[in-house]
Amino acid sequence: MLRDTDAETDGATSSVTNEPPDDPRARRRRRWRKIRRIAYCGFGVFVGLPLIAFWVAYLLMDVRSPQDVLASLDKTVELKYSDGSELLKVLPADGDRSFVPYDKVPSKLRDAIIATEDPTFWDNAGFDPTGIGRAFLTGVGGGSGITQQYIKKSTGDDDATLGRKLQELVLATKITQQQSKEQIFTSYVNIISFGRGTFGPAAAMNAFFGRPLDDSMTWSEAAFLAGMIQSPSVHDPAVSGDAHAAKRWTYVRDKLVQRGYVKPADAATMAYPGKEILPPSETRASVTYDEYHVKQQVLSELEQDGFSLSRLQQGNLVVQTTLDRKAQASARSTLADRLKGEPKEFRGALVSVDPSTGAVRAYDGGDNGVRDYAGTEHPAGSAFYPFTLTAGLRAGVSPDEPTAAPGKIDFLGEDFEYPQKCPATCTLRTAMTSGADTPYIGLAKRVGADAVSAAARDAGIPEAVDGSPTLREKDGFLIGSGLAVGRYPLRPLDLAGAYGTFAADGMRVTPHLVDKVLDQDGSVVWQHDDEPHPAFSDDPGVSAKISAEVTNVLQTFLPDGRPAALRTGEFQHGNSSDYQDAWAIGYTPQLATAVWVGSDDERRLFDAQGKKLMGSTVPADIWRTFMVQAEQGQPIKENGGVEPRFAPPLAKQTAPPGR
C-alpha cells in the first residue's frame with residue numbers, strides 16, 4: 001500500500017506539472033524559487049533593517065536648540081607646542097553670541113546665504129540625496145545644505161563618513177517635519193561662525209563693519225558676510241588679503257544674480273566693500289600679532305581637515321602643533337632684533353620646516369599688524385632660480401657646462417636686460433654664485449616655461465593658494481614671461497617647503513602646522529599623515545641625484561662648520577635697478593628656512609646705511625643667525641655630499657651675493 005500511495009503521489013505530481021522530476025525546466029524553476037527567496041531576504045536585510053534602524057534613531061535622536069549649541073561653544077581651545085607645552089589659547093569672545101530672531105535677519109543677508117549655501121533650501125526635504133548616496137558608495141560625504149549643516153554644527157560631528165551622513169539624514173528629516181523652514185534657518189544662522197571668533201550675524205556685522213545688524217545692510221555687505229561662512233579662517237581679508245576676499249565676494253555676488261535675487265544691472269553697481277571692513281584687532285584677545293598669525297594659520301589648516309573652530313570648542317579639543325618652542329622663540333627674536341635698526345617700513349617673515357616630515361618648526365609672520373607676511377605671497381625674484389636649475393637638470397643640462405650670459409635676452413616676447421656679472425667662463429654654477437640673471441632666463445627659454453613650472457610644482461609649490469592659481473597670469477592658465485625672473489608671488493611657507501625637498505634628497509612632503517588633535521583625556525582624535533614621495537622622478541635615486549646637484553650649487557657653511565645650502569635673491573622694483581623684495585632661503589638636512597624682507601607696498605627699499613636692500617644683507621643675516629640658534633646641539637651632517645668643515649665666526653660670514 002505504501003508503494004501504491006507513493007506511486008499515486010508521484011503520479012499526481014507528474015500529472016500536475018506534466019514534467020518528470022529531473023526535467024531541466026523543473027530544475028530551473030526550483031533554482032529561481034531559491035533566488036527569489038534570497039532576494040526577499042536580501043531586501044529585508046538591506047531595506048527593512050535600515051528602515052527599522054532609521055525609525056529607532058528617529059525616536060531616540062533629538063536636535064539641539066541653537067541656544068544650547070551657543071552655550072556649548074563658550075569653551076577655550078588650547079594650542080600646544082610639539083613638546084606638549086602651552087603655545088596659546090583661543091579664547092571665546094564674550095558678547096559675540098547674541099541670538100537673532102528670523103525677522104531681525106536682513107532679507108538681503110538671508111538671500112545671500114541661501115543663494116550661496118543651499119539654493120533649494122525652501123523646497124528641499126532637508127538633506128542632499130546625492131551626498132548621502134556618495135557617502136554610501138565611497139565612505140565619505142559630499143556637500144550638504146543648510147539643514148544638514150545645522151545638524152553637523154549642532155552635533156559637533158564634522159567627519160565626512162557614512163555614519164555621520166546617516167545621522168544627518170535622520171535628524172534632517174525629523175527637524176524638517178517638526179519645524180518650519182524659517183525656524184531651521186534661524187537655528188542655522190545663529191550658530192555658524194563668520195570668523196574672528198563670531199557666531200551669528202549680529203556679532204559678524206559688528207566685527208567686520210562696526211555696525212548693528214539691521215535693514216541698512218547693503219547687498220555688498222551681505223555678499224561679503226555670506227561668503228565668509230564656507231571657510232571663515234581663510235576668507236578674512238586680514239588673513240588672506242583683499243584680492244582673495246574680493247574673489248570670494250565676486251563668487252557670492254554672481255550666485256545672487258544666477259539665482260534671481262539681484263538683477264544684473266544692480267549687480268554691476270555693487271562693489272567689494274574692502275575699505276569698509278575693519279581690522280580684527282578686537283579679536284586677537286591678549287595675543288601678540290605674531291601669535292595671532294600662528295593661531296589663524298593653525299585654524300585655517302584645521303578647517304581644511306574638517307575641524308572648524310566650533311567643532312574644536314564643542315568637543316573641548318586640544319590642538320598639538322608642530323612648532324618647536326626653541327625655534328619659534330629664536331624666529332621671533334632674530335627677526336625683531338635684526339629689523340630694529342632698519343627703516344620703519346621694513347617688514348619680515350620667517351618659516352622653518354623639517355624637510356623629512358614637512359612639520360613647520362618655526363612660523364613668524366611679523367609683529368607689525370594683522371597682515372601675516374609668512375602666509376601671504378611676495379614675488380620670489382631670483383630666489384626662484386633653483387627651480388629653473390632643477391628643470392635644466394631633468395633635461396640633462398649640466399650645471400658646469402659653459403653657458404651664454406648676454407646683457408639682453410628675450411623670453412616669451414619680453415626683453416630682459418641685466419648687467420654682466422658672470423665670470424668669463426660662465427656656467428649655471430658660477431651664474432648662481434655671482435648673481436647673474438640672463439643665464440637662468442636663457443635656461444628657462446631652452447627647457448620651456450612648462451618644464452620650469454613643473455619643476456617648481458614637483459618641488460612643492462602648490463597649484464593654488466586659497467583657490468587662486470600660482471605661477472600663472474591673472475587668467476589662471478597662461479604662463480607668462482614673468483616666470484623666468486620670479487615675478488609670480490609665492491608664500492614663504494611654500495618656498496620653505498619646496499627648498500626642503502632638496503634638503504630631503506628629493507622626497508617631497510607638505511608643510512603643515514598641525515600635528516594632532518586630542519580630546520581632554522589625551523587620546524588622539526586625528527593626526528596628520530603625509531607619506532614622502534619622490535619629487536623629480538618616479539625613481540627615488542634619480543630624484544635624489546637632482547636634489548644633490550642643486551644642493552651642491554647652493555652650498556655654503558654655517559659658522560660652526562655645518563654644511564648648508566643657501567640662495568639669496570631679490571625682486572626688482574619696476575624697471576629700476578633697486579629692489580622691493582629680498583629673500584634668503586636655504587637648508588641643512590634638519591631644517592629648511594625661508595626669510596623674506598620687504599614692505600607693505602611696492603617701493604624701493606634701502607637699508608639703514610642707505611644701501612639698496614639685497615638678499616645677501618638683512619635676510620641672510622636673519623637666516624644665518626636663526627639657523628645657528630635653531631640647530632644648536634643638533635648633530636652636524638653632510639649636506640648633498642658636502643662634508644662639514646670649520647668656518648669663520650658669524651660676523652665674518654658672507655652670503656653668496658645672488659640676485
Side-chain angles (χ1 to χ4, degrees), residues 54 58 61-67 69-70 99-135 141-155 164-194 199-202 204-205 213-215 217-232 248-264 266-267 270 310:
F54 179 92
Y58 186 94
M61 289 182 179
D62 281 310
V63 182
R64 299 169 66 196
S65 72
Q67 289 86 349
V69 176
L70 289 174
F99 184 86
V100 182
Y102 179 82
D103 59 0
K104 297 297 183 182
V105 180
S107 59
K108 291 175 182 175
L109 181 59
R110 294 199 302 259
D111 292 343
I113 292 173
I114 291 172
T116 308
E117 297 295 317
D118 190 356
T120 65
F121 171 70
W122 296 112
D123 303 312
N124 64 40
F127 58 87
D128 175 16
T130 304
I132 299 294
R134 183 160 54 250
S144 55
I146 283 176
T147 307
Q148 284 178 266
Q149 288 185 49
Y150 173 69
I151 301 300
K152 183 166 56 179
K153 298 294 184 184
S154 65
T155 59
R164 197 261 290 170
K165 281 294 180 184
L166 291 177
Q167 181 187 33
E168 283 182 16
L169 175 61
V170 172
L171 292 177
T173 301
K174 189 169 187 176
I175 194 175
T176 301
Q177 292 179 348
Q178 294 179 348
Q179 297 183 20
S180 68
K181 288 288 187 175
E182 289 79 5
Q183 289 175 304
I184 294 171
F185 182 87
T186 303
S187 298
Y188 163 79
V189 81
N190 276 285
I191 69 167
I192 54 173
S193 172
F194 287 84
F199 292 88
M205 188 66 185
L213 185 73
D214 55 37
D215 288 334
M217 172 181 282
T218 66
W219 275 118
S220 293
E221 292 167 341
F224 175 83
L225 291 180
M228 289 294 297
I229 294 171
Q230 182 204 53
S231 187
R248 178 63 181 168
W249 177 89
T250 302
Y251 173 84
V252 178
R253 182 202 61 188
D254 292 346
K255 291 298 181 184
L256 283 166
V257 174
Q258 291 173 17
R259 271 81 197 241
Y261 292 103
V262 175
K263 296 179 180 179
D266 294 332
M270 292 169 59
S310 59

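Values reported hereafter were calculated over all heavy atoms of this structure, with side chains retained and with hydrogens, waters and symmetry mates removed. Count residues from 1 along the sequence.
- Residue Y188 comes nearest to I229 through the heavy atom pair OH-CG2, 3.6 Å, listed as atom of the first residue, atom of the second, then distance.
- Residues forming a ring pair (Phe, Tyr, Trp, His ring centres under 6.0 Å) with F194 (at least two apart in sequence, or on another chain): none.
- Partners of D215 under the side-chain hydrogen bond (donor to acceptor under 3.5 Å, both in side chains) rule, at least two apart in sequence or in another chain, do not exist in this structure.
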Verdict with supporting geometry, E182 and F185, side chain to side chain contact (heavy atoms under 4.5 Å, CB included): CA-CA 5 Å; E182 289 79 5; F185 182 87; 5.9 Å; no

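- In this view, E221 and R211 satisfy the salt bridge (charged side-chain N to carboxylate O under 4.0 Å, His left out) rule, not counting sequence neighbours.
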Trace of the side chain to side chain contact (heavy atoms under 4.5 Å, CB included) decision for K181 with N124: CA-CA 10 Å; K181 288 288 187 175; N124 64 40; 3.0 Å; yes

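- You'll find the side chain of W219 reaches within 4.5 Å of the side chain of V262, heavy atoms only.
- Minimum heavy-atom separation, M270 to S220: CB-OG, 3.8 Å.
- You'll find the side chain of M205 reaches within 4.5 Å of the side chain of L225, heavy atoms only.
- Considering only residues two or more places apart in sequence or on other chains, D103 meets the side-chain contact (heavy atoms from CB on, under 4.5 Å) condition with P101.
- In this structure, R248 and T116 approach most closely via the heavy-atom pair NH2-CG2, 3.9 Å.
- Residues E117 and A226 share a closest heavy-atom pair of OE2-O, 4.3 Å.
- Residues P264 and V257 come closest through the heavy atom pair CG-CG1, 4.0 Å.
- Remark: the backbone N or O of D123 is not paired with any side-chain donor or acceptor of T120 at under 3.5 angstrom.
- For Q230, the side-chain hydrogen bond (donor to acceptor under 3.5 Å, both in side chains) partners are H235, not counting sequence neighbours.
- Listed here is the closest heavy atom pair of V189 and I192: O-CG1, 3.6 Å.
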Throw together a table of side-chain donor-acceptor distances under 3.5 angstrom for residues 105-115, partners on residues two or more places apart or in other chains.
residue : atom : partner : partner atom : Å
R110    : NE   : Y102    : OH           : 3.2
R110    : NH1  : Y102    : O            : 3.2
R110    : NH1  : V105    : O            : 2.7

